[in-house]
Amino acid sequence: MKRLYCVFFVAVLLLIPIEQIFGAVGCDLNDPDRDVARLFPSSTGFKTDYVSIDQRGGPDLLAQIEERLGDKFKGLFETIDVPYTLYEVFKGRDRIGYIHGVNEKGQYGGIQVFLVLDLEGVIKGFYFQRLTSRYGKQLRDPEFGEQFVGLTLKDFYNYDVQTGKPTGPSGVEKIKNPVPEAEPDFRAALRGTKKNLILVDEFILGNRYLPYHQSRGERKP
Amino acid sequence: MIKILKVAYKNLLRKKTRSGLTIIGIGLAAWVLVSLLGFNKGYESSLNRDIDNLGFQMIVTAKGCPYEAATLMLKGGTGLRYMPGNITEQITKEPEVEAVTPMLMQAVFDPNKGESGGYSAYLGVDPATFPGMKSFLEFMQGAWFTDPEAMEAVLGYEAAELEQREVGDLLLIAEKNVEVKVVGILKRTGTQDDGTIFLPLRSVQKIFGVKNELTGVGIKVKKDADMPRFEEKMYKLPDVQVVSLSQVKQTIMTLVSTAKVMVFSIALIAILISVVGVINTILMSVMERFQEIGILKSMGATAWDVFTLIWVETLILCISGGMIGTALALATAKLTEVLVRQLLPYAPSGGLVQIDLSLVILTFGVVILIGLLSGVYPSWKAGSVRPLEAIRSQVE
């Protein structure tokens, strides 16, 4: 019997299709039941929705998102067909917020930037679900994540993700990099956050923050 | 014959609901049968394909069950057991061996990777022999390592997607604080290779301080080799464990056979129920038309004519059910696959349910046979009706 287990283990190790190990490479919460309850302690349930830019508007929508982001979607894996997982959180019948994560390219590996948002798109929580960095400890420190709380997409419009510098008054200025050497991962976190907020605005909030982009923060919604 | 077909068809239409339900019953049985035979075919060919894609037919690992080693490793122990590097030379000497490739698997724990930390595994492979054995691997970007001791990595498609890596990017081996450069990204294969991070064997030995040690050796055996004899020889090597892929295949098939027996039993029951259903439907139809058959015979129809008419009715029911069942099986093949994957302890990549023309013909053969057999008794009963008796029963 032991030998049977051994052979079966080798078989599984060698032959198991990889989806069973990694799952679909989108950006899902590791344990949605546990994570939603932790991020929204008053919640009683949640709804999961899978969307892609391709489904929602195709190349035109991608162009609009890239324009709002101020950068092109890059590389092999930041593509139009990436599935995004949106969690709508409920308390009883009332919707109380959203959770959304995106994959971002870090210096040494993939970074998963998750945002906890209220119904207005205001950041209530920020955390890395996945991070490979020499400075992972400092970037995972709750103090770093707390700097994002209270910001909205409006605060990110004057942040240039390509140069990593503000182009005007920007709420991003208050976010400090805990380790100067972690600059590539710090910038990846900010780009991931801006991308995340734009996608939520496009997919859920009905482009509530688009006028800010068009007038670069001069108008209020 | 055309007239008989027409009459039989019209007879069945007289009781539409009953005929329809009987057809559905046969259809369901045919559906189960086609899906099951399709699974039987698909599973084995997918398993064979996965095993062929491994590039070798036998693996030699250090003594001690790899299951135990992996458990130890995942629990944070030192875990892995090693074999001396010179074992490849001993194996290569055997006349049955076409090629060998040494491998060294290592894993590190990064406390900051996931919310509660996470493991990353690296497979050290020999750049001189591994690519030759895995000749089916194609690159999406880049190529294999530039040097046997280079600090370079080749990533399977899923691993690269998860780590968002491209050629030229860096990869950090966390615990060792070592950077390696990504030089190649493989195309998707649907196998374990998709999630693997490959490094040159000597680099892994150097990084992890396990010089001249291996965790496994992949062996490609010559086509005409006597496998059982060769396996015996390998077992005689000191402190190694031998796992041949034919053994792996046999083990998987044994585990899967339990599920197969269960489903075959369900199919058999479904077929038996549909046979009884057909006999019942046709027999009721014969009883209801008792007088009518009597009149037919008194008008000159022979026993064989009546027998044929009833038999054709049975065949129409069975063929219609067979067509519906086959169409249903084709339409729901993907769904069946999803369900089967949930049920089985291990399912290979690729299509698990393969329905082709030969399978459809086979199913139709079975369904027609069921029709012919289940139609015999009602047809004989109808054929043996005595005209006078039948007409008298009408008068009464």
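By convention in this document, chain letters (A, B, ...) are assigned in the order of the sequence lines, proteins followed by strands, and residues within each chain are numbered from 1.
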ask   = Hey, are B/E179 and A/R134 close enough for a salt bridge, meaning a charged N less than 4.0 Å from a carboxylate O?
value = yes
message = Salt bridge or not between A/K105 and A/E78? Use side-chain N to carboxylate O under 4.0 Å.
response = no
With chain A, which of [options] has the greatest number of heavy-atom pairs at distances under 4.5 Å?
options	answer
B/L171, B/L170, B/L172	B/L172
B/R165, B/Q141, B/M140	B/R165
B/D169, B/D110, B/N177	B/N177

ask   = Do A/K195 and A/F73 meet the cation-pi criteria used here (NZ or CZ under 6.0 Å from the six-membered ring centre, within 45° of the axis)?
value = yes
query = Does A/R38 make a cation-pi contact with A/Y127, if we ask for NZ or CZ under 6.0 Å from the ring centre and within 45° of the axis?
reply = yes
